[in-house]
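Residues take their numbers from the sequence shown, with the count starting at 1. Note that the structure is predicted; figures quoted are calculated from it, not measured.
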Amino acid sequence: MSKTEISGLEKRLDTIESTMVTKDEFHKEIGQVRDQMVTKDEFHTSMNAVADRMNEMTTRMDEVVTILKRLDEERIFTIEWVRRIETDVERMKKHLHLA
């Protein structure tokens, strides 16, 4: 074999070796990704926990909305009650000749 042939073979071996290293690194990376992945059961457990929390939050928000509706109704009734009293006071002032 000539030096040129040996040099060509060495280059091919280097290419094959670098390809092998690249594939080994790739398999290591895949293994790391696989280790970080969750199982189907873990995923469903997490999603159920999220759904439970969302249901809890929705329930609390419904309670807050109910309280706000009651406060608003009370405010409306109070305003109307004050108007009636003011009307009665004005009527009484006229009756007593104070106005």
Let me confirm one number: the OG1-CE distance from Thr45 to Met47, rounded to the nearest 0.5 Å.
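Answer for the OG1-CE pair, Thr45 versus Met47, is 10.0 Å.
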Rounding to 0.5 Å, atoms CD (Glu90) and CG (Leu98) come to a distance of 10.5 Å
Electrostatic pair Asp72:Arg75 at N-O distance under 4.0 angstrom
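Yes, this pair counts.
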Taking all atoms of both residues into account, what is the closest heavy-atom pair of Glu42 and Met37, and its distance?
OE1-O, 4.4 Å
Salt bridge (Lys or Arg N to Asp or Glu O under 4.0 Å) contacts in which one or both residues fall within residues 43-60, not counting sequence neighbours
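Checked against salt bridge (Lys or Arg N to Asp or Glu O under 4.0 Å) - neighbours excluded - the pairs reaching residues 43-60 are Arg53-Glu56, Arg60-Glu63.
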Please list all pairs passing the side-chain hydrogen bond (donor to acceptor under 3.5 Å, both in side chains) test where one or both residues lie in residues 78-89, with sequence neighbours left out.
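As it turns out, the side-chain hydrogen bond (donor to acceptor under 3.5 Å, both in side chains) pairs with a partner in residues 78-89, which skip direct neighbours, are Asp88-Arg91.
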Would Ile85 end up clustered with Val82 when hydrophobic side chains under 4.5 Å apart are linked, directly or stepwise?
yes
Is the number of heavy atoms from other residues, nucleotides or ligands within 6.0 Å of CE (Met54) greater than 12?
no
